[in-house]
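Just so it is clear: chains get the letters A, B, ... in the order the sequence lines come, proteins before strands, and each one is counted from 1.
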Amino acid sequence: MNNAVNPNVTEETAGYDPSQVELKWQDAWRDRDINTTDVANAPDPFYALMMFPYPSAEGLHVGNLFAFVGNDIYGRFQRLQGHNVFEPLGYDAFGIHSENYALKVGKHPMDLIPQNIANFRRQLERAGLMVDWSKSLSTTDPDYYKWTQWVFLQLLKQGLAYKKQAAVNWCPSCKTVLANEQVIGGACERCDTPVEQRFLSQWFFRISDYAQRLLANLDTLDWSETTKTAQRNWIGRSEGAEISFVAKRNGEEHEIRVFTTRPDTVFGATYLVIAPEHPLVARLTGALYKSAVDQYVARSTKQDLVSRKTTTEKTGVFTGAFAINPATGQEIPIWISDYVLMDYGTGAIMAVPGHDERDFEFAKVFGLPIVRVVCGEGEEPTTPLETAFTENERGVIVNSGRFDGMTVATAKREIITMLQEKGAGKSFVNYRLHDWCISRQRYWGPPIPIIYCDEHGAVPVPEKDLPVLLPHVDDFKPDDSGVSPLARHEDWYRVPCPECGRMARRETDVSDTFLDSAWYFLRYPSVGIDEVPFDASLTQKWLPVDSYIGGNEHAVLHLLYSRFITMVLHDMGFLTFEEPFTRFRAHGLIIRNGAKMSKSRGNVVIPDHYIEKWGADAFRTYLMFLGPFEEGGDFRDASISGVKRFLDRLWASVNAMGDGQGDPEVIRKLHQTIRKVGEDIPKLSYNTAIAAMMEYMNALRRGERTPVRAEVEPLVQLVSPFAPHIAEELWQKLGYNDSVFNSKWPQYDAALASEEKIELVVQVNGKTRGKLSVARDIEQDAAVSAAMGDPAIAKFVTAEPRKIIFVPGRLLNIVV
RNA sequence: GCGAGAGUGGCGGAACUGGUAGACGCGCUGGACUUAGGAUCCAGUGGAGCAAUCCGUGGGGGUUCGAGUCCCCCCUUUCGCACCA
């Protein structure tokens, strides 16, 4: 191994065989445990986390690798800064993808997953990641999901897990429950049949209780702004009022509560609309209207969600009932329409057709009264409304009794006060965020640890009895019963009640994959510890995560769920922090030759092929060079040769290296490069960092000179996070026995890194007419006379200058 | 429809708080070395023009000594969410 390079070769780049060098160092790193973090004793911990992959049968996707390499560079850089970096990686191996794939190929997921994981592991190691494999995990390990079940029990204990009837997506053709990700545009992804709703009793987590905290904390996090915005939109806070309308029917009073962001328009509410699923539908419907209502409700709840989601044509039916508008005292009709959604607000609205587009459309279709209660500029209270007037910035309230003349903002406050005094309303903040349904009527997940007893109801499995093992069953295919395949295995689900010992029945649903991934980062430092999910002192040392990198596709759900679980565990005293990820950056997507990669297009990049041909170092560096990390970029095969050439030249430079002082200009450039690369990596601006190193390489080679040690040695360190193997090999050639990753990142000399001579741009009337090589600190007068001394510039100065703009060290603009 | 982003050479992409547009790389052109070269090395490479010079960052206005960058309008495009009251 030590004779990898033949000293007699004449060609400078001879001896650089990437696969030989890379395999040599991958072995050496493993033998020397160089990537293993001593988690218990690290004085200066840095937790560099990447989103763990789903280990598909196809193997590692180049998109995964792009993300991992980006994280690896950051992690290696932090290590060179002197931190003890922990870079773990596991597998998110439960879930619908694995299950469906297993069904497709007719194998069992319990057999497939270990194979896939082994293949992923091989690919990841070949890519040269600084992963601490001693702390790896898979969500499918009983040692892991035991604690996923424990998390569920903690939420249950806190009253944050509850059961209720809820709709699931049901494909009438496949006769099975579908996960949300299997529903594409309201239709089944496999057979394209419109999806129906079925109602099942399911477990939910009360994430909506945490909506305000999840929203407010965002301001404290160092996250990509786009990700924060996505979370804010998902939480969907809106301020307004809840208003009660009272309906009378058969001598009974029914209160219909609505949520509105426009309480100022309550005088214009000319009818109410409730969702077809609204609990009051039956009681409000009059005998005469019953058949029409039943028909409408049946059609809109059972019928395909496709038409409901894609059409905006308003449909509806009158209930026959009326309610009192608490502001006007008038009776207004109550309608049912599917444009009102049961799962937002209260499932009922006050319709103000004059000032809401949807209400306006509906009123037009059914001939309902439209009343103006807000005037824009130049409009009278009697000006007819051709469309809904929704612009409220400069609106003035009209036709609203004593509130006339108020601005919209004032009226909002005043009308809420009025309603409150009448006991008919209050200000209210509504969130779009729904409680998290974690039940899945599937096989491939952790069984929800609950036992149903006739006597005691839903009894949690005692913690000492965890894990509830997922049994190996052959018929794991979902069927048309609408319950989990586990429900077909009586020998598994029949168990004694933990409370009374009488025969009872296990919950046969499994939990959502998102629950598996909502706490895995807590587990990594404690992998191998059996007694607790996460050791208190290790957790204290390593968390919250210093840097988290992952895809934007998880910007909303995964991150929100992780934050929620962390908050709950914090509130229970298990954690000292309530936000799990101090810094988060979303990486971009890679496309291929300008198009999205997909199997059907046949343009998927298989990392193995490229690593074999170019080496992991060149492939990694190219991935980081093809575009800004946070934006992604276009993968083009032809471009890899550029970074390979760069690495070849690096190899050649070190091999040809001489002794001596080094050229002052080259050394100056070196210090500039050290500064630039050190500034770019923390910004994840990897593409420009690589460009800077290439630029330095060009300077190093200019004039067919032989570089000296002082010029090349620091460059090896700068390159090392990107191309770790070649750097390690060259570091050894430079005479070091220890790993380059145990060295210290080179320091730059600030004075050297800044130029003393600068190119001063000279403009005349804003147009660049020349440039002068002058001292950095040149004064304005000297600059002007230097400029006028240059005939190429002076000839444009055709008159006495009217004005001189001088930006020291940068630019001179002579205005004539 | 709403929200977030993006439009720069033949291509991928650079450009700090407004201050040389096109760094770096690919490709291309010419040359060197070669039996050969999809290797390596050197030089050139936004467009027009012999040149001086002019024109150039999706389109149109504007602010400024100066705009890829800031403001207004429009077009195209990617990604989310989609009747959210």
Review point. Does B:G9 adopt a syn or an anti glycosidic conformation, taking syn as a chi angle within 90° of 0?
Key: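 The base of B:G9 is oriented syn (glycosidic angle within 90° of 0).
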For nucleotides [N] and [M], find the distance between their [atom1] atoms and express it as a whole number of Å.
| N | M | atom1 | answer |
| --- | --- | --- | --- |
| B:C79 | B:C28 | P | 31 Å |
| B:C2 | B:G62 | P | 28 Å |
| B:A43 | B:A48 | C1' | 23 Å |
| B:G68 | B:G9 | C1' | 14 Å |
| B:C11 | B:G5 | P | 26 Å |
| B:C24 | B:C42 | P | 14 Å |
| B:A14 | B:U57 | C1' | 12 Å |
| B:C71 | B:U63 | P | 15 Å |

So what does [X] hit on the nucleic acid, given a heavy-atom distance under 4.0 Å: a base, only sugar-phosphate, or nothing?
| X | answer |
| --- | --- |
| A:I805 | base |
| A:R636 | sugar-phosphate |
| A:N233 | sugar-phosphate |
| A:A230 | nothing |

Atom-pair distance ([atom1] on [X]; [atom2] on [N]), nearest Å:
| X | N | atom1 | atom2 | value |
| --- | --- | --- | --- | --- |
| A:R592 | B:G12 | CZ | C1' | 14 Å |
| A:I349 | B:C83 | CD1 | C1' | 10 Å |
| A:K228 | B:G5 | NZ | C1' | 17 Å |
| A:N552 | B:U78 | CG | P | 17 Å |

Exercise for review: Identify, between A:D356 and A:T226, the residue whose nearest nucleotide on RNA chain B lies closer to the 5' end.
Suggested key: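 Taking each residue's closest nucleotide, the earlier one in sequence belongs to A:T226.
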**Study point:** Given RNA chain B, 5'-ward residue of the pair A:K803 and A:G627, judged by closest heavy atom
**Key:**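 Per heavy-atom nearest nucleotide, the more 5' residue is A:G627.
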Practice item. Please determine if A:K314 and A:D359 form a salt bridge, counting it only when a charged side-chain N lies under 4.0 Å from a carboxylate O. Key: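 Salt bridge flag = no for A:D359 with A:K314.
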Practice item. Run the salt-bridge test on A:D219 and A:K228 with the 4.0 Å N-O cut-off and return the result as yes or no. Key: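 Between A:K228 and A:D219 there is no salt bridge, as every charged N stays at least 4.0 Å from the carboxylate O atoms.
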Look for any protein N or O under 3.5 Å of an N or O in nucleotides 53-58 of chain B and output each such pair with its distance, or none.
| from | atom 1 | to | atom 2 | distance (Å) |
| --- | --- | --- | --- | --- |
| B:U53 | OP1 | A:K795 | NZ | 3.0 |
| B:C54 | OP1 | A:R769 | NH2 | 3.3 |
| B:C54 | OP2 | A:R769 | NH1 | 3.1 |
| B:C55 | OP2 | A:K767 | NZ | 3.3 |

Review point. Residues in side chain to side chain contact (heavy atoms under 4.5 Å, CB included) with A:K771, at least two apart?
Key: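 A:K771 satisfies side chain to side chain contact (heavy atoms under 4.5 Å, CB included) with A:E759 once adjacent residues are dropped.
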Review point. Can you name the ring pair (Phe, Tyr, Trp, His ring centres under 6.0 Å) partners of A:F625, sequence neighbours left out?
Key: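 So A:F625 forms no ring pair (Phe, Tyr, Trp, His ring centres under 6.0 Å) with any residue.
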Exercise for review: Output all residues satisfying ring pair (Phe, Tyr, Trp, His ring centres under 6.0 Å) with A:F584, sequence neighbours left out; order by chain, then residue number.
Suggested key: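 A:F584 satisfies ring pair (Phe, Tyr, Trp, His ring centres under 6.0 Å) with A:W223, A:Y548 once adjacent residues are dropped.
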**Study point:** Over 12 foreign heavy atoms within 6.0 Å of CZ, A:R232
**Key:**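 Buried by this count: over 12 neighbours within 6.0 Å.
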Could you check if a side-chain atom of [X] sits within less than 4.5 angstrom of a side-chain atom of [Y], using non-hydrogen atoms only?
| X | Y | result |
| --- | --- | --- |
| A:L772 | A:L812 | no |
| A:M697 | A:L650 | yes |
| A:M693 | A:F722 | yes |
| A:V365 | A:E313 | no |

Review point. A:F629 vs A:F66 aromatic rings, parallel, tilted or perpendicular, using cut-offs 30° and 60°?
Key: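 The arrangement is tilted - the two ring planes meet at 30° to 60°.
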Check your understanding: Is the backbone of A:W651 close enough, under 3.5 Å, to the side chain of A:N655 for a donor and an acceptor to pair up by distance?
Key ->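 A pair under 3.5 Å: yes.
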Check your understanding: Is the side chain of A:Y561 donor-acceptor paired with the backbone N or O of A:I207 at a distance under 3.5 Å, no angle test?
Key ->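 The answer is no, because no donor-acceptor pair under 3.5 Å joins these two groups.
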Review point. RNA chain B: stems of at least 3 consecutive Watson-Crick or G-U pairs, cut-off 3.5 Å?
Key: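 For RNA chain B the paired stretches long enough to count as stems (3 pairs minimum) are B:1-7 with B:75-81, B:10-12 with B:24-26, B:27-32 with B:40-45, B:46-48 with B:53-55, B:58-62 with B:70-74.
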Check the interface with nucleotides 20-24 of chain B: list each N/O to N/O pair with the protein under 3.5 Å, or write none.
| from | atom 1 | to | atom 2 | distance (Å) |
| --- | --- | --- | --- | --- |
| B:A23 | O2' | A:E695 | OE1 | 3.2 |

Point to revise | Below 4.0 Å: OP1/OP2 of B:C26 and any side-chain N or O of A:R645 | key: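 Result: yes.
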